[in-house]
Enquirer: 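Could you have a look at this structure, given as structure tokens, before my questions?
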There are 4 protein chains.
Amino acid sequence: MINNVILVGRLTKDPDLRYTADGQAVANVTLAVARNFKTSDGVVETDFINCTLWRKTAENTANYCKKGSVIGVTGRIQTRNYENETGQKIYVTDVLAESVKFLGTKPQQSRELVEN
Amino acid sequence: MINNVILVGRLTKDPDLRYTADGQAVANVTLAVARNFKTSDGVVETDFINCTLWRKTAENTANYCKKGSVIGVTGRIQTRNYENETGQKIYVTDVLAESVKFLGTKPQQSRELVEN
Amino acid sequence: MINNVILVGRLTKDPDLRYTADGQAVANVTLAVARNFKTSDGVVETDFINCTLWRKTAENTANYCKKGSVIGVTGRIQTRNYENETGQKIYVTDVLAESVKFLGTKPQQSRELVEN
Amino acid sequence: MINNVILVGRLTKDPDLRYTADGQAVANVTLAVARNFKTSDGVVETDFINCTLWRKTAENTANYCKKGSVIGVTGRIQTRNYENETGQKIYVTDVLAESVKFLGTKPQQSRELVEN
DNA sequence: TTTT
DNA sequence: TTTT
């Protein structure tokens, strides 16, 4: 079945790189992605999307990107759930990155050129 | 910023259609999307992805689709959070559908034709 | 740079499988993809999109699909150009498939559930 | 049927803005999109993808972008054909833009962070 | 709360 | 836990 995601957004903090027990690099980042439309009272909201990166992609992103960096991510949505300490079921959704592209770090004035 | 999702999967239950106070139709569905790869022990896992549909898209999907229907969804990831009764912060991620395509209901033998 | 395509459409003819001089399987297919909107005079038009498949993807698609099959393709747009016999420059654009998913063969009543 | 494209690339020249007989703005641009992989002899090739923009999207892109600008485009592939003066059938494929996002103009050091 |  |  098809499951494809493409994001361009800004890192909310430095990538958090770790290694699994068997030595696989893994990093988690959160992308702030401003919406292209406003609420009824004119506010631009932002979605905060968690992404999981593996291996070289994780290491390279940790090396080249930091809080505020603009990156493009392609990947797929993944879901899982677990029970927390209090026995409550917690549902987790994030994006498993297949590729990451570094798009810059400057106070970049990205600008929406569409109107429908 | 860019935020695009494309999914093809199966409804885990009948669409749940409601109306907001001001009369907007809204439906929630969950798509079961089998992964295209197996775990290290050969299991095909499935992601369960919640989608929110509005207006005509919500009504049409509720009319034409049911548990087991295969649909294609394009849209964007949205996130929000709230505090539950016990004061715990709950993070919610789902897909805001922009279009929905009905792709059939049969015991459809979808088959992956890729190998990398 | 980012270049991602997702298509669901119908094969206009049986896949055409060949092998390169060094034994790589390659297949060309054309996908008929009906548009989700009508012309000003109410006609639904169709785009005919050429796709190139390689290796296992080519062989599996040739084995499992035929004229009329509905498939999903993810991949990227590629362009090239050459001069024909009369010295005229010919520009060619097609989709390099990264994955192909077989979605059925029946006279499938795919139905658009969106309206904006 | 599904037909979705997402591109991030660089304008090969200034947008070419025109108006149809009935006053609709339309612009054509070509995006240079470097591939994320090399040929067998280590060359990074580039695809040159024609895009058609309409109305506000056309006008805004013509106003804010120029040769070298990096933009993100979402849209769909469209195909058409015609006979040229010599009676030869010419097939044309381009991307009908649904949204355009301006991502900067600097000699932007976009960098691929993936490896597969 | 999960579909075939 | 949120970026500019």
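Keep in mind the model is a prediction, meaning the values are calculated, not measured. Order of the sequence lines fixes the chain letters, A, B, ..., with proteins taken first and strands second; residue numbering starts at 1 for each chain.
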Enquirer: CG of A:D47 versus P of F:dT2: gap in Å, rounded?
Expert: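 For the pair A:D47 CG and F:dT2 P, the rounded distance is 15 Å.
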
Enquirer: Roughly, in whole Å, what's the span from CD1 in A:I2 to P in E:dT3?
Expert: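 To the nearest whole Å, that distance equals 21 Å.
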
Enquirer: Classify the nucleic acid contact of B:T46 as base, sugar-phosphate or nothing, counting any heavy atom under 4.0 Å across all strands shown.
Expert: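 Contact class for B:T46: base.
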
Enquirer: Please state how far atom CG in A:N81 lies from atom P in E:dT1, giving the value in whole angstrom units.
Expert: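 My rounded result for the distance is 8 Å.
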
Enquirer: Using atom CZ of B:R10 as one end and atom C1' of E:dT2 as the other, report the distance to the nearest whole Å.
Expert: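 My rounded result for the distance is 13 Å.
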
Enquirer: What's the NZ-P distance between B:K89 and F:dT1, to the nearest Å?
Expert: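 Interatomic distance, NZ of B:K89 to P of F:dT1: 4 Å.
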
Enquirer: Out of E:dT3, F:dT3, F:dT2, which nucleotide sits closest to the side chain of B:Y91?
Expert: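 Of the candidates, F:dT2 comes closest.
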
Enquirer: Can you identify which nucleotide, out of F:dT3, E:dT3, E:dT2, has its nearest atom closest to the B:T30 side chain?
Expert: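 Taking heavy atoms from C-beta onward, the closest nucleotide is E:dT2.
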
Enquirer: Would you mind reading off the distance between A:Q88 atom CD and E:dT1 atom P, rounded to a whole angstrom?
Expert: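 Nearest whole value for this atom pair: 12 Å.
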
Enquirer: Name the closest nucleotide to the A:N50 side chain, picking from E:dT3, F:dT1, F:dT3.
Expert: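 Taking heavy atoms from C-beta onward, the closest nucleotide is F:dT1.
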
Enquirer: Just checking, any donor-acceptor pair under 3.5 angstrom between side chains of D:T74 and D:S99?
Expert: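 Distance-only check passes for D:T74 and D:S99.
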
Enquirer: Could you check B:D14, B:V29, B:L11, B:L31 and say which one makes a side chain to side chain contact (heavy atoms under 4.5 Å, CB included) with B:S69?
Expert: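 Looking at B:D14, B:V29, B:L11, B:L31, the match for B:S69 under the side chain to side chain contact (heavy atoms under 4.5 Å, CB included) is B:L11.
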
Enquirer: What closest approach, in Å, do C:A34 and D:R76 show between heavy atoms, and which atom pair accounts for it?
Expert: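 Smallest interatomic distance, heavy atoms only, reads O-NH2, 4.3 Å.
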
Enquirer: With a non-hydrogen cut-off below 4.0 angstrom, is A:K13 in contact with a base, only sugar-phosphate, or nothing?
Expert: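 If one applies the 4.0 Å heavy-atom cut-off, A:K13 turns out to touch nothing in the nucleic acid.
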
Enquirer: May I have the distance from B:N3 (atom CG) to F:dT3 (atom C1'), rounded to whole angstrom?
Expert: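 Going from B:N3 (CG) to F:dT3 (C1'), I get 14 Å.
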
Enquirer: Within the distance-only criterion (no hydrogens, no angle test), does the side chain of A:R10 pair as donor or acceptor with the backbone N or O of A:V70 below 3.5 angstrom?
Expert: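 Looks like no, no N/O pair under 3.5 Å.
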
Enquirer: Of all the choices, F:dT3, E:dT3, F:dT2, which nucleotide is nearest to the side chain of A:A32 once you look at every atom?
Expert: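 So the nucleotide nearest the side chain must be F:dT3.
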
Enquirer: Report yes if the side chains of C:F37 and C:V44 come closer than 4.5 Å at any heavy-atom pair, otherwise no.
Expert: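 No - every pair of side-chain heavy atoms lies 4.5 Å or more apart.
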
Enquirer: Report the distance from atom NZ of B:K66 to atom P of E:dT3, rounded to the nearest whole Å.
Expert: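 Distance, rounded to whole Å: 15 Å.
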
